[in-house]
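The analysis underlying the following values was restricted to heavy atoms, covering all of them including side chains, and did not include hydrogens, waters or symmetry mates. Sequence lines set the chain letters: A, B, ... in the order given, protein chains first and strands last, and positions in each chain run from 1. Remember, predicted model here, so these are calculated numbers, not experimental data.
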Protein chains: 2
Amino acid sequence: MSRPPRETAAAPEPKPGRRASQRPTIRDVSRLAGVSRMTVSRVLSDPELVLPTTRDKVLKAVADLGYVPDKTAGSLSSRRTGFIALMLPTLTNANFAAVAHGLTEALREANYHLLIAYTDYDMAEEERQLLNLLARRPEAIVLTGAMHRRNASRMLMAADVPVVEIADLPSQPIEHAIGFSNYQVGRTAARYLLDRGFTRIGALAASPDGEVTDHRGEERMRGFEDELRLARLPTDAVLRHGSAPVSFHHGATAFRALVEAQPDIEAIFAVSDLSAVGAVMEAQRMHIRIPDDISIMGFGDFEIGREINPALTTIHVDFRALGLRTGKMLVDMLASDATPAPSVVDVGLRIVERASIKDR
Amino acid sequence: MSRPPRETAAAPEPKPGRRASQRPTIRDVSRLAGVSRMTVSRVLSDPELVLPTTRDKVLKAVADLGYVPDKTAGSLSSRRTGFIALMLPTLTNANFAAVAHGLTEALREANYHLLIAYTDYDMAEEERQLLNLLARRPEAIVLTGAMHRRNASRMLMAADVPVVEIADLPSQPIEHAIGFSNYQVGRTAARYLLDRGFTRIGALAASPDGEVTDHRGEERMRGFEDELRLARLPTDAVLRHGSAPVSFHHGATAFRALVEAQPDIEAIFAVSDLSAVGAVMEAQRMHIRIPDDISIMGFGDFEIGREINPALTTIHVDFRALGLRTGKMLVDMLASDATPAPSVVDVGLRIVERASIKDR
DNA sequence: GTGACAAATGATATCGGTCCCATCAAAGGA
DNA sequence: TCCTTTGATGGGACCGATATCATTTGTCAC
C-alpha cells in the first residue's frame, strides 16, 4: 500500500496511543474554556476557589461538551473512591432492603455511593463477594450478620478501613457493631409467652442443615430454647422445618406440621413475621382460631403483620433507622481522620402487642 | 528543633511523593516474586499465559502479602470498569428487588458488578443519580420505568454505552427495552373482569398528584379505564386514593373508601397486589365476603397473594426472569464488540386465577 | 513606590494498574 | 547451521483525574 497523499492541512491528529474514546475528558474542557485542567477540577469539586468569571467559562464548556467527570480516575488520584460497601444476605427481604435505604439516605448528602453485594445466605459466596468489594477500595465496609469465615475476617482486618457489623451483634466484633442480639430476641419472645401464662409453647424456624443456613434465625431459636429450659419447660415443640430462607409458605406448612405433631400447642413464636403470617393464614384454612385456640407472635414487624386479621404481635427492630444511624456514624468517622475506638451499640428490641396473642 | 542524628544505615526511605498507603500494590508483589508487574497482572487476569512455575511464585507472593488488586486502577487503564448500572424506583419492593437479583445472577459469571441507584419515585432524583452512575463509567445502563426527564434522556444517549429499559415498555425506547406494557396490564385486567360478567367495576390506585407519582400504576389505570370505556361502562369507581407508593395499608383504606362511595361495586382491580391484599384484609374486617360479595384482583403476583384467604387472582410478570434475561443479553452484548440494533421485547403477562374472583 | 501577603491559577508528578510492543529463549524447518 | 515462528516475559507509556508546589496577579500598609 502506498503512502496516502500529503494532507492539505495536516490535522493535529491525536496520538494513537490507545484506542481513543469519544468521551470528553477534563483536558477537553480545559482547552475549550482556556484554563488549566486544575482549574476545571476545582470548579467541579470546590467552586469557591475559583473566580466567578472563570467558573462560568468552565461551566459553559462543561455543558457544551456534556462532560461528565470520570470518578474512576478521580478515585485513583485522590485515593478516595466514595464507595461504602454493604454486604447483605439478600435484597428480597424488606428489612434488609430497609437497611440499604437508610444507609443510602445517610450517605447521600456526603456524596458516598453504596456498593451492594449479597450472599444469598451462602458463606462461601460471602468470601468471594468480599474480595470483589475490597477490590473496589471502599472507604468503609458494612456487613450484616455476625458469621464470617476465618478468611473473611482476616481480609476485613487487613482492609484497613472502618468495618461495621450491623443488625446482629457478634460475640467478637471485628471493629464496630450496631444492632441487636438475635439470641435476646429469642429469649424475649419466650419470656413474653411465659409471662402470658402459656406452658405448651412452640416455635417455627428453618432447618439449619439445608444448603443455606439462617444463622440469625438459628440464634433466635437458641435463645428461645434456653429461656424455655430455664423455665423448666420442654423444647420439643420447637420445630425446625424446611429450608432457609423462610417465607409465608414456609410458615404455612410449618404451622400445619407443628399443630399435627403437637395438637395441644398453646402459643407459637415464629423466627420471622413471614412465617408467622403464613401460619395465621394456614390457621384460617384449618379453622383454628387465632388467638383463641393458638397465640402467635413473629419477629421483624413487617407491614403485612399490621394488616392481617388478627394483627400480628411481633418484635420490632427499626432496620431503616439502623441503616441511617450506621450511615451517619460512617460519615462522621470518615470526615474526621481520627480512628475512633471500636464501639458496640445495642439498639434494643420492642415488643409490639397486637391481637394475635391472648393471655391464657 | 535540631536535625535528628544521622542514621546509622540510611534506610532507602520511600519517596514521600504522596501519603503512602500501607496496602501492597502489584509492584510489591512483582518484587517479592521476582517478576515484572505485567507478569503479575497476567497471572491474575489470564493465568494461562504464564508458566506454571512462574504462576506459583506469583500466587505465593500474592498470598503472603494479602494482595488485593485495585480495580479502580485497573478500570482506568483498561477502560473497562466491570460495572453495570441499575436504576430502580426503590429496593423495598419485592419485584424490583427480584429484578436486581436476577441481574446479579446473570452478571456474576461474567464478573460484572451491579451498581444500584434508586430514585424513590422522584424524577429529579433520577437525574442526579444518573449523573452519579455515569461518573462511574458503567459499561451498560439498566433503567426501570419509561419516564425520564429530557435531560436524563439526553445524558443517556450521549453516554455511549448500551441502555436497556426494563419492566416497562416505553413508547419511545432510548435503545433496548425488555418488559411489558403497564397499559396492557390495565386493559387485560378490565377485559378479564368484563368477561366474568361484572358491570360495576372499580379500581384502587394512588393519586397521581402527590409528591411522588407512580407512573407505572397510572399507566395501568389508563389502560383499565380505556377498556371500561370501550365497553361503554362508567369509570367513576376507579378510585385514586392516597399517595404513592402503595402499600398494604393503602389498599385497606382505599378499599373502605371505595366501598363506602360505591356500595354496589362488584369487582375491583388494584394496581398492585399490595393494595389488593390490603383490600382483602379490610374486607374481612368489614365482613364483606370475598369473592361472594366483591371480587378482587391485583397485579404483581407477590408471594403473600398466594397465601391469603381467599388466594388472590393476579397478573403475573416474572421480574426475576426479566432481570436474568436482561443480564444475559448484556453479557452477550458486551462480549462481542458489535453494536446490535435496538430491540424491544415484550415478555407478556399471565393472569393467575385464584379464588378471589367469582363469575357473576 | 515597594515589600508582604493573600488569592487565583498553572505545571507536573503521581495514583496502580493494563496496553502495546520489544526482547529473548526454545522449537521447528529448510 | 541459520532463519522463522512461537511462547514467555519485560519495559515504558498511558488511562483521566487530583495533590502539591510554584507562579502570577492583586491588595494593602508603610
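Rounded to an integer number of Å, the gap from Leu76(A) CG to dA13(C) P is 17 Å. Regarding Asp46(B), its CG atom lies at a distance of 14 Å from the C1' atom of dT9(D), rounded to whole Å. Between the CD1 atom of Ile26(A) and the P atom of dT14(C) there is a distance of 19 Å, given to the nearest Å. Summarising the geometry, the separation between CG on Asp70(B) and C1' on dC15(C) is reported as 9 Å, rounded to the nearest angstrom. Rounded to whole Å, the distance from CZ on Arg23(A) to C1' on dG16(D) is 12 Å. Asp28(B) has its CG atom 9 Å from the P atom of dG16(C), to the nearest Å. The interatomic distance linking Lys57(B) (NZ) with dA8(D) (C1') rounds to 12 Å, in whole Å. Atom pair Glu48(A):CD and dA7(C):C1' shows a separation of 13 Å (rounding to whole Å applied).
For Arg27(B), no side-chain nitrogen or oxygen approaches OP1 or OP2 of dC15(C) to under 4.0 Å. Neither OP1 nor OP2 of dG16(D) sits under 4.0 Å from any side-chain N or O of Thr25(A). Between Ser36(A) and the phosphate of dG10(C), there is a side-chain N or O to OP1/OP2 separation shorter than 4.0 Å. Considering only side-chain N and O atoms, Thr39(B) lies under 4.0 angstrom from the phosphate OP1 or OP2 of dG10(D). Residue Ser78(A) has no polar side-chain atom (N or O) positioned under 4.0 Å from OP1 or OP2 of dC15(C).
Projected onto DNA chain D by closest heavy-atom contact, Tyr67(A) and Arg42(B) fall at different nucleotides, the more 5' of which corresponds to Arg42(B). When the nearest nucleotides of DNA chain C are assigned to Arg37(A) and Arg55(A) by heavy-atom distance, the more 5′-ward of the two goes with Arg55(A).
For the atom pair Tyr121(B) OH and Leu88(B) CG, the distance stands at 9.5 Å (nearest 0.5 Å). Taking CG of Leu134(A) as the start and CE of Met155(A) as the end, the distance is 5.0 Å to the nearest 0.5 Å. The distance from the CG atom of Leu91(B) to the NE2 atom of His101(A) is 4.5 Å, given to the nearest 0.5 Å.
Taking every side-chain heavy atom of Arg137(A) into account, dG17(C) is the closest of dC20(C), dG17(C), dC15(C). Checked against dT18(C), dG16(D), dT9(C), the side chain of Met38(B) finds its nearest nucleotide in dT18(C). Closest contact between the side chain of Ala73(A) and the listed nucleotides dA17(D), dT9(C), dG16(C) involves dA17(D).
Thr54(A) comes within 4.0 angstrom of the backbone, heavy atoms only, and of no base.
Between Arg128(A) and Glu125(A) a salt bridge is recorded (basic side-chain N to carboxylate O distance below 4.0 Å).
Residue-environment remark: CZ (Arg325(A)) stays at or below the threshold of 12 foreign heavy atoms within 6.0 Å.
For Arg79(B) against dG17(C), a side-chain-to-base donor-acceptor contact under 3.5 Å is absent.
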